[in-house]
Colleague: 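Take this structure, written in structure tokens, and hold onto it; I'll ask about it next.
Keep in mind the model is a prediction, meaning the values are calculated, not measured.
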Amino acid sequence: RLPFARRRALGQHSVAKAGSHRNSVVVRRGGAMAVRDMEMSGGLEDSTLIDDAPTGSPHRVRRIFAAGAALLAGAVVCAVLLSGGAASAAVAPQPGSGLLRADAEPDSKFPWGYDEVEMCGVDYHIKKVLHSNLGGQGPDKGPEGIKYLCSESTNHEYNRDIIVEMNAMTHYQSKSAHMNGITHDFGSIHVDAGEHVKVLIHFQDLDGKPLELETFRMTFYDLDEAPHHLSQEYIIAEGHPSAIRDRDTQVHKQQVHGGVEFDATEIGSGADNPEDSSELTHTQKDRSVVLTYRDIKQFHVTMGSHHGHSPRAFEFALHSALTCHKAKLAKTTTITTTEAATTTATMTETTTTTFDPEAIAAMDKEKQGNLMKAAAVAGAVATAAAAAGAAAWLANREQREIAHFAGSS
């Protein structure tokens, strides 16, 4: 089979013979085969070849098909690289994955594991009593009132020390006033049966300057009564603070003029009093109430009991376990570098850097994605270069064929 250039150079030649007969002539159009019956006068001395599409040569078709396949393969490779890069970045192991603890969540934001911690917000803990003379009843001499040195913390992280002062705004007298101040880790004020005292609570820094606190909680514990509803304890919180009680509370709440009143409803004794504000029984929680104030400089609370015979002890804390909740805190890693120095002395310097696991994971993900994109671009450039080379080679080969047959015609 002659190439198109050769056939054009030679032309078409047919010799007619006498007599009329039917003969079959092979016709090629664009590589497709067809048989056409032609009426010819005389005999046929040579075949008539028709080729409307010189690119229909099987060899050339195979070459072009190979070039197209190369281009398609290159496109597939680029797509795989791009999609694979994104997938790899999405599921790439987090940094320090070899350090995962048993309680870690590999597919979460805790690449180094986590610690379950108690979140309580801003709290105040009584450290000691600086002065106790509520209503001038002692046990200390000097200015009226009780002063507590307290530590301020946020989620158990120490912030500063402040002074919380309580002053009697109404007449106060109690046979148990000498016991005022602190019991275990609670503040305490004692009130005789049938009596009450209104107390002003305000805040100072260590230099005695007034403070305004963003959040302040005061929890009263063990609100109970004596048998036959005698010596029933109550507190009245002015200013309508938000209040929290346990689900099965034994404390009754009612609105009163200027505030809200909380009354005991169950019999209790000294045997069931709490000893640790962070370790309460269900019953102790049921007899507690948490008052929360916002943006506060001072407020009033009244503590009292109804008629009876037994003196009552009001125990309180300036924080509350009832308002805390558990949370997962991501663990971090540290890098320590050591530098040794001179011939006469050796100095070691340790630098500890704490990394945010989420920030490290984000940087690694971005780096992985950039590498995959670079690989995809390189693959695309290589594929384009290969396709251009194949096209140039085909064109040169065609020119050589044309020149060869043109010169031999």
Colleague: Looking at Leu230 and His309, what are the two nearest heavy atoms and their distance?
Modeller: CD1-CD2, 4.2 Å
Colleague: Taking NZ, NE, NH1 and NH2 as the nitrogens, is one of them in Glu195 or Arg312 under 4.0 Å from a carboxylate oxygen of the other?
Modeller: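 Not counted as a salt bridge, because no side-chain N and carboxylate O are separated by less than 4.0 Å.
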Colleague: Rounded to the nearest 0.5 Å, how far apart are CG of Leu322 and CZ of Arg247?
Modeller: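 Rounded to the nearest 0.5 Å, the CG-CZ separation comes out at 12.5 Å.
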Colleague: Could you check whether any side-chain heavy atom of Tyr158 comes within less than 4.5 Å of a side-chain heavy atom of Ser151, counting everything from C-beta outward?
Modeller: yes
Colleague: Which heavy atom in Tyr148 sits nearest to a heavy atom in Gly181, and how many Å separate them?
Modeller: OH-O, 2.5 Å
Colleague: Going by atom types only, do Gln254 and Asp263 share a side-chain donor-acceptor pair under 3.5 Å?
Modeller: yes
Colleague: Does Gly121 offer a backbone N or O that forms a donor-acceptor pair with the side chain of Thr154 under 3.5 Å?
Modeller: no
Colleague: Heavy atoms, side chains only, cut-off 4.5 Å: are Asn180 and Ile146 in contact?
Modeller: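 They are in side-chain contact.
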Colleague: Can Ile201 and Gln298 be said to form a side-chain contact (heavy atoms from CB on, under 4.5 Å), step by step?
Modeller: CA-CA 5 Å; Ile201 301 173; Gln298 62 181 31; over 6 Å; no
Colleague: Any chance you could lay out the side-chain contact (heavy atoms from CB on, under 4.5 Å) test for Phe314 and Ser188, step after step, and finish with the verdict?
Modeller: CA-CA 6 Å; Phe314 288 86; Ser188 63; over 6 Å; no
Colleague: Taking all non-hydrogen atoms of both residues, which atom of Lys141 and which atom of His131 are closest, and how far apart?
Modeller: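 Residues Lys141 and His131, closest heavy atoms: O-CE1, 2.8 Å.
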Colleague: For the CD atom of Glu238 and the NE2 atom of His257, what is their distance to the nearest 0.5 Å?
Modeller: 9.0 Å
Colleague: Quick check on Lys297: does its NZ atom have over 12 non-hydrogen neighbours (other residues, nucleotides or ligands) under 6.0 Å away?
Modeller: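 Count not over threshold, so no.
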Colleague: Does the ring centre of Tyr293 sit less than 6.0 Å away from the ring centre of Phe299?
Modeller: yes
Colleague: Provide the closest heavy-atom pair for Phe220 versus Val301 in the form atom of the first, atom of the second, distance.
Modeller: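 Closest approach of Phe220 to Val301: CZ-CG1, 3.7 Å.
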Colleague: Kindly indicate whether the side chain of Val199, heavy atoms from C-beta on, has any atom under 4.5 Å from the side chain of His300.
Modeller: no
Colleague: Establish, from distance only, whether the side-chain atoms of Asp286 and Thr249 form a donor-acceptor pair under 3.5 Å.
Modeller: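 There is no such pair (donor and acceptor under 3.5 Å, judged by atom type) between the side chains of Asp286 and Thr249.
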Colleague: Taking all heavy atoms of Pro274 and all of Asp222, pick out the closest pair and write down the distance.
Modeller: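 In this case the closest contact between Pro274 and Asp222 is CD-CB, 3.9 Å.
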Colleague: Between the side chains of Asp272 and Arg287, is the shortest nitrogen-to-carboxylate-oxygen separation below 4.0 Å, so that they form an ion pair?
Modeller: yes
Colleague: Main chain of Gly135, side chain of Glu144: is a donor-acceptor contact present, judged purely on distance under 3.5 Å?
Modeller: yes
Colleague: Test Leu149 against every option in Val164, Asp161, Val129 by the side chain to side chain contact (heavy atoms under 4.5 Å, CB included) rule and name the one that passes.
Modeller: Asp161
Colleague: Is the distance from the ring center of Tyr234 to that of Phe262 below 6.0 Å?
Modeller: no
Colleague: Please tell me whether His202 and Asn167 have a donor and an acceptor in their side chains that are separated by less than 3.5 angstrom.
Modeller: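 Yes, Asn167 and His202 have a side-chain donor paired with an acceptor closer than 3.5 Å.
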Colleague: Can you confirm whether Thr323 sits close enough to Arg217 that some side-chain heavy atom of one is under 4.5 Å from a side-chain heavy atom of the other?
Modeller: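 When only atoms from C-beta onward are counted, Arg217 and Thr323 do touch, with a gap below 4.5 Å.
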Colleague: For atom NE2 of His229, is the number of surrounding heavy atoms from other residues, nucleotides or ligands below 6.0 Å larger than 12?
Modeller: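 No, NE2 of His229 has 12 or fewer neighbouring heavy atoms, counting only those of other groups under 6.0 Å.
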Colleague: For Tyr221 and Phe316, I'd like to know if the aromatic rings sit close, meaning centre-to-centre distance below 6.0 Å.
Modeller: no
Colleague: Is any NZ, NE, NH1 or NH2 atom of the basic residue among Asp192 and Lys175 found under 4.0 Å from an Asp or Glu carboxylate oxygen of the other?
Modeller: no
Colleague: Distance only, no hydrogens: is a donor on one side chain within 3.5 Å (strictly under) of an acceptor on the other, for Gln173 and Gln137?
Modeller: no
Colleague: What is the distance from atom CD of Gln250 to atom CD1 of Ile267, rounded to the nearest 0.5 Å?
Modeller: 11.0 Å
Colleague: Passes side-chain contact (heavy atoms from CB on, under 4.5 Å), Arg294 versus Glu214? Steps please.
Modeller: CA-CA 5 Å; Arg294 306 287 183 185; Glu214 182 178 349; over 6 Å; no
Colleague: Counting distance only, does the side-chain N/O of Gln232 pair as donor-acceptor with the main-chain N or O of Ala264 below 3.5 Å?
Modeller: yes
Colleague: Ala193: what forms a side chain to side chain contact (heavy atoms under 4.5 Å, CB included) with it, not counting sequence neighbours?
Modeller: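 Ala193: side chain to side chain contact (heavy atoms under 4.5 Å, CB included) contacts with Ser231, Ser305.
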Colleague: Would you say Ile162 and Leu211 make side-chain contact, with heavy atoms under 4.5 Å?
Modeller: yes
Colleague: Give the intermediate values and the outcome of side-chain contact (heavy atoms from CB on, under 4.5 Å) for residues Lys128 and Ile182.
Modeller: CA-CA 8 Å; Lys128 65 179 182 179; Ile182 191 168; over 6 Å; no
Colleague: Arg245 and Ser288: side-chain donor and acceptor closer than 3.5 Å?
Modeller: no
Colleague: Any donor-acceptor pair under 3.5 Å linking the side chain of Asn133 with the backbone of Gly142?
Modeller: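 At least one qualifying donor-acceptor pair exists.
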Colleague: Report yes if the side chains of Glu266 and Glu225 come closer than 4.5 Å at any heavy-atom pair, otherwise no.
Modeller: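 SC-SC contact between Glu266 and Glu225 ruled out.
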Colleague: Are side-chain heavy atoms of Thr302 and Val197 found at a separation under 4.5 Å?
Modeller: no
Colleague: Please confirm whether the backbone N or O of Asp207 pairs with a side-chain atom of Asp205, one donor and one acceptor, at under 3.5 Å?
Modeller: yes
Colleague: Quick one about Ser153 and His125 (side-chain donor to acceptor, distance below 3.5 Å, no hydrogens or angles considered), yes or no?
Modeller: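 No.
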Colleague: Looking at Thr215 and Tyr124, what are the two nearest heavy atoms and their distance?
Modeller: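 Closest approach of Thr215 to Tyr124, heavy atoms only: O-CE1, 3.6 Å.
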Colleague: With a 4.5 Å heavy-atom cut-off, do His240 and Gln255 have their side chains touching?
Modeller: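 In contact.
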Colleague: Look only at the side chain of Thr219 and the backbone of His319, and say whether a donor-acceptor pair between them is shorter than 3.5 Å.
Modeller: yes
Colleague: Would you find a donor on one side and an acceptor on the other, under 3.5 Å apart, between the side chain of Asp224 and the backbone of Thr265?
Modeller: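 No, the answer is negative, given that no donor and acceptor are paired below the 3.5 Å cut-off.
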Colleague: Could you tell me whether the side chain of Ser176 and the main chain of Met179 form a donor-acceptor pair under 3.5 Å?
Modeller: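 No: the side chain of Ser176 does not pair with the backbone of Met179.
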Colleague: Atom CD in Glu152, atom CG in Asp123: separation rounded to 0.5 Å?
Modeller: 9.5 Å
